[in-house]
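Order of appearance sets the numbers: ligands from 1, and atoms from 1 within every ligand. Only this structure's heavy atoms are used, side chains among them; waters, hydrogens and symmetry mates stay out.
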Amino acid sequence: MNDITTELHAALPPMIDTHCHLDDRQFDLDLEEVLSTSRKANVSRWVLIGYDPERWDDVIVLAQRHQGMVHTLGVHPACAPAWNDQVKLRLKALLASSGAVGIGESGLDFYRDNAEFEVQAAAFTEQLELAAELNLPLVIHMRSAENQMLDLLGDGRRIPTLLFHSFDGSERLMDFILETDSYVGIGGLATRQKSDGLRKQLKRVPVERIVLETDSPYLVPARQKERRNEPAHIATIANAMADLIGITPSEFAAQTTTNAEQLFGLNHVN
Ligand SMILES: [Zn+2]
């Protein structure tokens, strides 16, 4: 981040990175500096997404150590083979004892060479049911799996509040999102001019349903030199999206912060 960018972004209302993996080893050496840069860009709260049972303890400790950090716990489709009754019981216990603000990320991913459908679907639907039972939002990871996902969600199950993280869906998925009042997580993908189909769908989302995310250290936004993504880039995403939907970056930042507070049950800060 150069100084000019930081200054420009500091003019925006406080923002929240609703999806980041700051427990990743890539932040081991300089996390405090990354957080300080983030605060300067007015991104002063972070939702850490726990996706692997083996990392849940680290995620909890990290969130407890930092002001402004909260966390979710779940089992990512890439970790779906680890799902069993014992893991489910541990998840339930840790969600309660650690004060997690949601479940996830969980979902389906047939883009990578993950487990077969049945294995991923079992882990996903049980987390979906758990979220409904505990009245927690579910953070959904979905890649090359849209029809399978919609079939599972439309199967007469109780649907909790859903957040489609790193949204990259079609018209059919967007129809579902609008019907169910689900949330859409918008990150670096939306800043790429090439993502025309995506940007067309994003224009349909009511601004009350959008939250911002970086997925740090993954998904570096367009026109950035660094290879590691950081929460400070939320401001870049806010500017790009505000431009796309035609409202001011300040209005957009304020509204998406309110949305994230409502979704995750956080206190209102302005
Ligand atoms: Zn993620």
Original post:
Would Asp215 and His21 count as having a side-chain donor-acceptor pair, cut-off 3.5 Å?
Top reply: yes

Subject >> Metal proximity, His76 vs the Zn ion (ligand 1), N/O/S cut-off 2.8 Å >> reply: no

Subject >> the Zn ion (ligand 1) contact by His21, N, O or S atom under 2.8 Å >> reply: yes

**OP:** Check whether more than 12 heavy atoms from other residues, nucleotides or ligands sit under 6.0 Å from atom OH of Tyr111, and answer yes or no.
**Re:** no

**OP:** Measure from the Zn ion (ligand 1) to every N/O/S atom of Asp215 and report the name of the nearest one.
**Re:** OD1

Original post:
Near Asn135 CG, under 6.0 Å, is it more than 12 heavy atoms from other residues, nucleotides or ligands?
Top reply: no

Original post:
Using a distance-only test with no angle check, is there a side-chain donor-acceptor pair under 3.5 angstrom linking Thr248 and Ser250?
Top reply: no

Original post:
What N, O or S atom of Glu105 is found closest to the Zn ion (ligand 1)?
Top reply: OE2

